[in-house]
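Structure first, commentary second.
All heavy atoms count here, side chains included; hydrogens, waters and symmetry mates do not. Numbers here simply count residues along the sequence, with the first being 1. Ligands are counted one by one from 1 in listed order, and the atoms in each one are counted from 1 as well.
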Amino acid sequence: MTAKSLQTNTINPQVMGILNVTPDSFSDGGKFASFDSALKQVEQMINDGVDIIDIGGESTRPGAVDVSEEDELARVIPLLKAIKARFDIKVSIDTSKAKVMSQAIAHGADIINDVRALQNTGCLAVLAQSDIPVCLMHMQGMPRTMQDNPHYDDVIDDIKQFFIERIKVCEQVGIKRDRIIIDPGFGFGKTLEQNYQLLAQLHQFAELELPLLSGTSRKSMIGNLLHRNVDERLAGSLTTAIIAAQQNASIIRVHDVKETVDALKVLSMTQKYQ
Ligand code: 7PJ
């Protein structure tokens, strides 16, 4: 699979289902921390129409503490192997650690999803030695402090510039442009206003001619706007998924696969009459 192949002209984004395996992952309370329940969750997501499973072994919610390499490997790799052995589904690994990336690639990961855009030591080299797609996400600051006082001259232009620079660095080490997916990183060092400005202007990233991933599911940008707890954010999450899809997002990263697949089907049905 090339990242480019994710780009389509009609509204038909791929749905990426979130499988958190961190004990403190904020929106499912660590419910899927055990191995068997994680596999059941994968099976359910497949039945619900998921295209990609995104496994994350490091919590990056605001204020989260760091996870050791050993712990992250132990959470992610056995699960990746089990999913690949049992199901025919694409798996993405949400990690910023070079060792986790290399092990994941060795065990059949289809995509590396890095909220730190390959800026940690060794990550560029690992990806350069493989040929799978990589998602470069924008984050301002680091998870522990990123929501303290985010600042941009122009949120769209600044993030666009960040992508241009990271893409250049990737290309310099031999990661071809057609393997790259970009993601503005909703909630990662952005105020409520900045998050909604980004969502409204997602189409502006089309200029970079790369597939775009949008991840807003159950995030604070929804909770803080609507004053809803994490388990009451479905309507808000679906609305943001539709807004992103209408601006040609190629991948929508969500917790609620079934509902998102339904919403996207309704949206795509209107397409042919436009
Ligand atoms: C994102 C992510 C996102 C990408 C997380 C959460 C926090 N990866 N990993 N984009 N968010 N690419 O799911 O709320 O927005 S972890």
| query | Is the closest side-chain donor-acceptor distance between Gln204 and Gln201 under 3.5 Å? | reply |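 There is such a pair between these side chains.
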I want to know if ligand 1 touches [X] in the polar sense, i.e. an N/O pair below 3.5 angstrom.
{"X": "Asn113", "result": "yes"}
{"X": "Arg253", "result": "yes"}
{"X": "Asp94", "result": "yes"}

| task | Report, as yes or no, whether the 6.0 Å neighbourhood of atom CD on Glu207 holds more than 12 heavy atoms from other residues, nucleotides or ligands. | result | no
List ligand 1 atoms under 4.0 Å from [X], heavy atoms only on the residue side.
{"X": "Asp183", "value": "3 (C), 4 (C), 10 (N), 12 (N), 15 (O)"}
{"X": "Val115", "value": "2 (C), 8 (N), 9 (N)"}
{"X": "Lys219", "value": "1 (C), 3 (C), 6 (C), 11 (N), 14 (O), 15 (O)"}

| query | With a 4.0 Å heavy-atom cut-off (strictly under), which part of Thr216 contacts ligand 1: side chain, backbone, both or neither? | reply | neither
| request: Report the part of Arg218 in contact with ligand 1, treating N, CA, C, O as backbone and CB onward as side chain, heavy atoms under 4.0 Å; options are side chain, backbone, both, neither. | output: neither
| query | In Å and rounded to the nearest 0.5 Å, what is the CD1 to CG distance from Ile181 to Leu212? | reply | 10.0 Å
| query | So how far is it from Thr270 OG1 to Lys265 NZ, rounded to the nearest 0.5 Å? | reply | 14.5 Å
| query | Excluding sequence neighbours, so at least two apart, what forms ring pair (Phe, Tyr, Trp, His ring centres under 6.0 Å) with Tyr196? | reply | none
| Only one of Glu72, Glu69, Gln103 clears side chain to side chain donor-acceptor pair (under 3.5 Å) with Lys97; which? | Glu72
